[in-house]
Amino acid sequence: MKIFLDTANLEQIRQANALGAIEGVTTNPSLLAKEKGDWRKTVRQICKEIDGPVSVEVIATESPAMLAEARDLVKIAPNVVVKVPVTLEGLKTIKELHLRGIETNATLVFSANQALLAAKAGATFVSPFIGRLDDIGHDGMQLVQDLVSIFRNYELPTQVLAASIRSASHFSQAALLGADAITIPLSVLLDLTKHPLTDIGLAKFLSDWAKK
Ligand code: G3P
């Protein structure tokens, strides 16, 4: 499972990158809006910091304008992946970008049907939003399981990118289910390192050593 960081904050990216686990970044308009300064400059800096894919979302809602934005986004850096919401206009856009060899991340995916259509249109990644489904009383992780099965059934090359991740438990469940990739906030990444027995064990080793 590839691990991406879900942020547009450079400091967080540097902190996560130092741990050696991060293979890409996903941003969205809400995350980029939180960062000060010119968003293009921020995206360029993120793309320099990270070797892997950096998802940047289009803002337009009509396909011709989405395509124009996408063409602009991919000029920023070669590792930009164009994030496109799965609407009718979004699907048209994904198809056109696929024909032009531009990688896409189909976002705001809340059903298997949306994901299957995005895969047929040629999306590189589909992003099921786990936490937001859980928030409304659905089982977000069930969607990951469904997408992994469906894509395997039909040998579709589109990768399942588990998104809207809120906990370390989401992370391990997505890995067990065979998600191709996951995007997590820094807080979840830091939680993954924690175990009380590690802390207790280390304290014991150090106190025993101090008695030598
Ligand atoms: O980047 C998309 C997704 O991961 C958003 O997560 O926490 O805003 O539902 P969240």
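Quick note: residue numbers are just sequence positions, from 1. Predicted model, so just to flag it, every value in this text is computed and none were measured. Whatever order the structure lists ligands and atoms in, that order sets their numbers, starting from 1.
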For Asp139, all residues meeting side-chain contact (heavy atoms from CB on, under 4.5 Å), sequence neighbours excluded: Met141, Gln142
Expected output: side-chain Glu69 to main-chain Ile59 donor-acceptor under 3.5 Å: yes
Test salt bridge (Lys or Arg N to Asp or Glu O under 4.0 Å) applied to Asp208 - qualifying residues, sequence neighbours left out: Lys204, Lys211
Nonpolar side-chain network containing Leu161, other nodes, edges under 4.5 Å: Phe4, Val81, Phe125
Qualifying residue for side chain to side chain donor-acceptor pair (under 3.5 Å) with Gln12, from Asn17, Thr7, Asp6: Thr7
Stepwise side-chain contact (heavy atoms from CB on, under 4.5 Å) check, Leu156 with Leu116: CA-CA 9 Å; Leu156 292 166; Leu116 185 50; 3.6 Å; yes
First-shell residues of ligand 1 [heavy atom, distance under 4.0 Å]: Asp6, Asn28, Lys83, Phe129, Arg132, Ala163, Ser164, Arg166
